2 protein chains.
Amino acid sequence: MDLFVSKYLNKIDKKGRVSLPSSFRNVLPKANRNEIILYKSIKTPSIEGCGVGRLKEIAKRINNLDFFSEDYDDFSTSIFSEIITTNIDKEGRFLIPEELKLYAGIKTEAAFFGQGHYFQIWEPKKGLKNTEDSRRRLLKEKKSLRMMLTQQK
Amino acid sequence: MDLFVSKYLNKIDKKGRVSLPSSFRNVLPKANRNEIILYKSIKTPSIEGCGVGRLKEIAKRINNLDFFSEDYDDFSTSIFSEIITTNIDKEGRFLIPEELKLYAGIKTEAAFFGQGHYFQIWEPKKGLKNTEDSRRRLLKEKKSLRMMLTQQK
DNA sequence: TGGGATTATATGGGCGTCAATGGGTATGTT
DNA sequence: AACATACCCATTGACGCCCATATAATCCCA
């Protein structure tokens, strides 16, 4: 599987280390399996992360915005200048930068949520609430969620 | 046959393992025959499952949404983080995650129901009742059932 | 075509490996 | 020296792999 899926709850130890879930590590390209990039989510108080390869994809998305719009500047500033690369140690753990922990309100535990081509890291309770809220929004449009899940090839 | 059909009743052993019915295993693509994805059914207290290929389809569809829209996040949260991948061992068994067992009320036995491109896993009694209910609903609309059964491809 | 032999499936259990976690120590930067 | 970070080693529990058995299905040949 080459997608970030499922959710995991991991502890942050005294040294600030936390394990990147094993299944997430396997999604990272073998070449750069000891490095991930992290940045503040634009829309939620959470941290987003992915392998270094994904950066290009993000760049492309931003490039598709209207170059002269305010959004363009806002997104490119918010994302590119805020990106942090982090190393993963031999045991599969990494350090969450202090600034990002503050932004997400993370203290002793980190909840990892697969999002396909990237993942999110939440303070556990906030993460749970976000899942519920987002599901509630979608169920208002039952049809579209069902379509997404059951549509035939 | 490349569809999930028929129904089966299998036991869950002490370790929590349960056999995926042989005919279901044969539906999985040879490439990823040792992995399935599971998620909570939207409409019923049951678990739905399928091969990973289907997930990639869904990923593609979500990826085509507007990257910066709220829908994009809602879909990817509700789908990717709720999906659980499970490995199938050499004997064709897999583990049903605790959270999903709770959701479906499954304890010692699991009833598998083929649904074409995917399958459902039910607590046996609930599954039986669901079958009866849905048949009853169909018969109420005989006309549509007849159409369904007689219509040629 | 009957009946034994072979194969497949569902199920049980032992055991090694890996993932998550904790802690000591070396190395390095300021 | 003081702090941060990476490497090494240890522990625990979960999971995957291997082997084994019973029942069911299939095959094969006289």
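Below, read A as the first sequence line, B as the second, and so on, with proteins coming before strands; counting in each chain starts at 1. Keep in mind that this is a model prediction, so the values were computed, not measured.
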Undergrad: Contact class for A/Ile88 (heavy atom, under 4.0 Å): base, sugar-phosphate, or nothing?
TA: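 No contact.
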Undergrad: Do the side chains of B/Lys40 and B/Leu100 get nearer than 4.5 Å, heavy atoms only?
TA: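 B/Leu100 reaches B/Lys40 side chain to side chain.
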Undergrad: Starting at CG of B/Asn34 and ending at P of D/dC15, how long is that distance when rounded to a whole Å?
TA: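 Taking CG of B/Asn34 and P of D/dC15, I get 17 Å after rounding.
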Undergrad: Taking the side chain as C-beta and beyond, is there a heavy-atom pair between A/Ile121 and A/Val18 under 4.5 Å?
TA: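 They are not in contact (no side-chain heavy atoms under 4.5 Å apart), so the answer is no.
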Undergrad: Do the ring planes of B/Phe113 and B/Trp122 sit parallel (below 30°), tilted (30 to 60°) or perpendicular (above 60°)?
TA: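 Judged by the thresholds at 30° and 60°, the geometry between B/Phe113 and B/Trp122 is perpendicular.
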Undergrad: Check this one for me: any side-chain N or O of B/Asn10 less than 4.0 Å away from OP1 or OP2 of C/dT11?
TA: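 The answer is yes; a side-chain N or O of B/Asn10 sits under 4.0 Å from OP1 or OP2.
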Undergrad: Give the angle between the helix axes at the two ends of the helix from C/dT1-D/dA30 to C/dT30-D/dA1, taking five base pairs at each end and rounding to 10°.
TA: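 Taking five pairs per end, the axes differ by 50°.
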Undergrad: Which comes earlier along DNA chain D counting from the 5' end, the contact point of B/Asp89 or that of A/Arg17, where each point is its nearest nucleotide?
TA: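 With B/Asp89 and A/Arg17 compared, the 5'-side residue is A/Arg17.
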Undergrad: What integer distance in Å separates B/Leu20:CG from C/dT11:P?
TA: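 About 12 Å, once rounded to whole Å.
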Undergrad: May I have the distance from B/Lys11 (atom NZ) to D/dA22 (atom P), rounded to whole angstrom?
TA: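 My rounded result for the distance is 14 Å.
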Undergrad: Specify the separation, in whole Å, of atom CG of A/Asp13 and atom P of C/dA19.
TA: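 That distance rounds to 18 Å.
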Undergrad: Are A/Lys126 and A/Thr44 side-chain neighbours, meaning at least one heavy-atom pair lies under 4.5 Å?
TA: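 When only atoms from C-beta onward are counted, A/Thr44 and A/Lys126 do not touch, as no gap falls below 4.5 Å.
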Undergrad: I'd like to know if A/Lys7 and B/Glu99 make a salt bridge, using a cut-off of under 4.0 Å between side-chain N and carboxylate O.
TA: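 Yes.
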Undergrad: Salt bridge check: are A/Lys60 and A/Glu57 linked by an N-O gap of less than 4.0 Å?
TA: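 Yes, A/Lys60 and A/Glu57 are salt-bridged.
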Undergrad: Contact class for B/Ser22 vs. all strands (heavy atom < 4.0 Å): base, sugar-phosphate, or nothing?
TA: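 Since only primed, P, OP1 and OP2 atoms lie under 4.0 Å of B/Ser22, the category is sugar-phosphate.
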Undergrad: Looking at C/dG14, does its base get a donor-acceptor pair with the side chain of B/Lys15 below 3.5 Å?
TA: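 Yes, a donor-acceptor pair under 3.5 Å.
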Undergrad: Which residues in residues 99-112 of chain B have at least one heavy atom lying under 4.0 Å from any atom of DNA chain C?
TA: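 The answer is none.
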Undergrad: Without decimals, in angstroms, what is the distance between A/Ile84 CD1 and D/dT5 C1'?
TA: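 After rounding, the reported distance stands at 16 Å.
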Undergrad: Mind running a 4.0 Å heavy-atom check of residues 90-98 of chain A against DNA chain C and sending the residues that fall below it, in number order?
TA: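 Residues of residues 90-98 of chain A under 4.0 Å from DNA chain C: A/Glu91, A/Arg93.
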Undergrad: Taking all non-hydrogen atoms of both residues, which atom of A/Ile47 and which atom of A/Lys101 are closest, and how far apart?
TA: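 So the two residues come closest at CD1-N, 4.4 Å.
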Undergrad: Base, sugar-phosphate, or nothing: which does A/Lys14 touch, judged by heavy atoms less than 4.0 Å apart?
TA: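 Sugar-phosphate: the residue A/Lys14, judged by heavy atoms under 4.0 Å, touches backbone atoms but no base.
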Undergrad: Can you classify the ring geometry of A/Phe24 versus A/Phe112 as parallel (below 30°), tilted (30 to 60°) or perpendicular (above 60°)?
TA: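 Perpendicular, since the angle between the ring planes exceeds 60°.
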Undergrad: Report yes if the side chains of B/Arg33 and B/Asn26 come closer than 4.5 Å at any heavy-atom pair, otherwise no.
TA: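 A side-chain contact under 4.5 Å exists here.
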Undergrad: So, do B/Asn87 and B/Phe94 sit near enough that their side-chain heavy atoms are less than 4.5 Å apart?
TA: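 When only atoms from C-beta onward are counted, B/Phe94 and B/Asn87 do not touch, as no gap falls below 4.5 Å.
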Undergrad: Can B/Tyr8 and B/Ser23 be counted as having a side-chain donor-acceptor contact under 3.5 angstrom?
TA: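 Yes, because at least one side-chain N or O of B/Tyr8 sits under 3.5 Å from a partner of the opposite role on B/Ser23.
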Undergrad: From OH of B/Tyr8 over to P of C/dA10, roughly how many Å is that when rounded to an integer?
TA: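 It works out to 8 Å between those atoms.
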Undergrad: Does either side chain, that of B/Ser81 or that of A/Gln115, offer a donor lying less than 3.5 Å from an acceptor on the other one?
TA: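 The answer is no; no qualifying pair exists.
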